[in-house]
Amino acid sequence: MSLTLDQVKSKSATRLIGLNPVVMAAITVLIERCYARGVPILITQGLRTIAEQEALYAQGRTKLGSIVTNAKGGTSYHNFGLAIDFALLLPDGKQVSWDLKRDGDSDKVADWTEVVQEAKALGFEWGGDFVSIKDAPHFQMTFGLTTSQLRAGAKPSEIAMAKAATIIDRLKEEVKEDMSRIAELEAIVAKQAERLTTLEKRLNISGKETYANNYTEAITAAKAAGAITTSADKSKLELNIIQMFYNLGLFKRGDK
């Protein structure tokens, strides 16, 4: 994964402003846990004003476009900082995807499914489970309140938020352990790559000298020694091995 966790989180930072603090904490952990699974995500919508909700509701009705919501202003959890929308963040860090079948980390589980699993574990309701209009990019945390109650001034109770926070904190600790293990594995891989590079340089199976002559001398010597009959269709690995044997003097070097 080319993007760091901090880079991924920074891309969503402005869209977390105005969210309920527990919801904000949950989304932060969601981003972290998805990243640990190899699925970076971008929060595309957080708090939405009543006016913005009305404009969205008008789409496909009194304005051009397709109908995307049945929620009028004041009837969406977005309007109360209790909901977010997301997209899959592609490796270039600029483009996003709403492809529900994409498997960018090649683990045979759709990336979208992995995000939904993590979100539900954190206590979110998923818009893909809605009965009327399915809203796959949508997650909400209602704390047991309806939008009618919220419009009337009700707030999530301290008990409900504390219960949600307990789950979030537990999963946050888990992802810290996961990220620590990932860092350890990355360090091991980097060390092995360094050792391999050093070995290749010692055997001269990579670098300017090997590729500059395009293996010509080694192939000629290998043919003369009867080790190969043709260089056609040889993979880069095979050519490297031939070059290595030549460098070690296992083939009689041809006259220059």
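In this text the structure is predicted, and so the values were computed from the model without any measurement. Residue indices begin at 1 and follow the sequence shown.
- Looking at every heavy atom in both residues, A218 comes nearest to Q243 through CB-OE1, 3.6 Å.
- In this structure, T62 OG1 and E54 CD are separated by 9.5 Å, a value rounded to the nearest 0.5 Å.
- Residues T44 and P137 have side chains not in contact (no heavy-atom distance under 4.5 Å, counting atoms from C-beta outward).
- Between L82 and T142 there is no side-chain heavy-atom pair separated by less than 4.5 Å.
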Run the salt bridge (Lys or Arg N to Asp or Glu O under 4.0 Å) check on K176 and E32 step by step: do they pass? CA-CA 9 Å; K176 282 183 179 179; E32 294 171 349; over 6 Å; no
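- Atom CD of E114 is separated from atom CZ of R102 by 11.5 Å, given to the nearest 0.5 angstrom.
- In this structure, A55 and K63 approach most closely via the heavy-atom pair CB-NZ, 4.2 Å.
- The distance from atom CZ of R15 to atom CD1 of I84, rounded to the nearest 0.5 Å, is 11.0 Å.
- Cluster membership check: I167 shares its hydrophobic cluster with V175, using side-chain heavy-atom separations under 4.5 Å among Ile, Leu, Val, Met, Phe, Trp and Tyr.
- L248 and I242 end up in the same hydrophobic cluster when Ile, Leu, Val, Met, Phe, Trp and Tyr side chains are linked at under 4.5 Å.
- The shortest side-chain heavy-atom distance between V39 and E118 does not fall under the 4.5 Å cut-off.
- A 4.5 Å side-chain heavy-atom check between R151 and N79 finds every atom pair outside the cut-off.
- Residue V68 belongs to a hydrophobic cluster whose other members are L56, with links defined by side-chain heavy atoms closer than 4.5 Å.
- In this structure the side chain of F143 reaches within 4.5 angstrom of the side chain of V23, judged on heavy atoms.
- Grouping the Ile, Leu, Val, Met, Phe, Trp and Tyr side chains by contacts below 4.5 angstrom, directly or via other members, places L145 apart from I50.
- Inter-residue side-chain proximity for L88 and D99 is flagged as unmet; no heavy-atom pair is nearer than 4.5 Å.
- Here the closest heavy-atom approach between residue P91 and residue L3 is recorded as O-CG, 4.0 Å.
- Put simply, OH on Y35 and OG1 on T4 are 6.0 Å apart, with the number rounded to the nearest 0.5 Å.
- No side-chain heavy atom of L89 sits under 4.5 Å from any side-chain heavy atom of I41.
- The shortest heavy-atom contact between R61 and N70 is NH2-OD1, 3.0 Å.
- With hydrophobic clusters built from ILVMFWY side chains whose heavy atoms lie under 4.5 angstrom apart, I31 does not share a cluster with L90.
- Residues forming a ring-ring contact (aromatic ring centres under 6.0 Å, His included) with F86 (at least two apart in sequence, or on another chain): W112, F139.
- Sorted by first and then second residue, the salt bridge (charged side-chain N to carboxylate O under 4.0 Å, His left out) pairs with a member in residues 155-169 form an empty list; sequence neighbours excluded.
- Separation of atoms OG1 (T69) and CZ (F130) is listed at 9.0 Å; rounding is to 0.5 Å.
- Hydrophobic cluster of I67: the remaining members, joined at side-chain heavy-atom separations below 4.5 Å, are I133, listed by chain and number.
- Taking CD1 of I168 as the start and OG1 of T28 as the end, the distance is 9.5 Å to the nearest 0.5 Å.
- Residue pairs that meet the side-chain hydrogen bond (donor to acceptor under 3.5 Å, both in side chains) test with at least one member in residues 80-97, sequence neighbours left out, are R48-D85, H78-D85, D85-H138, D92-Q95.
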Intermediate values then yes/no, side chain to side chain contact (heavy atoms under 4.5 Å, CB included), F124 and I27: CA-CA 10 Å; F124 284 104; I27 291 301; 3.4 Å; yes
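- Side-chain contact between I17 and L47 is absent, with no heavy-atom pair separated by less than 4.5 Å.
- In the hydrophobic clustering of this structure, V109 does not group with V116; members are Ile, Leu, Val, Met, Phe, Trp, Tyr whose side-chain heavy atoms approach within less than 4.5 Å, directly or through other members.
- Counting only residues at least two apart or on different chains, the salt bridge (charged side-chain N to carboxylate O under 4.0 Å, His left out) pairs with a member in residues 122-138 are K120-D129.
- Although no hydrogens or angles enter the test, the distance criterion places no donor-acceptor pair under 3.5 Å between the side chain of N240 and the main chain of M244.
- The two residues Q53 and G74 come nearest to each other via the heavy atoms CG-N, 4.5 Å.
- Taking each heavy atom of V96 and A87 in turn, the nearest pair found is CB-CB, 3.8 Å.
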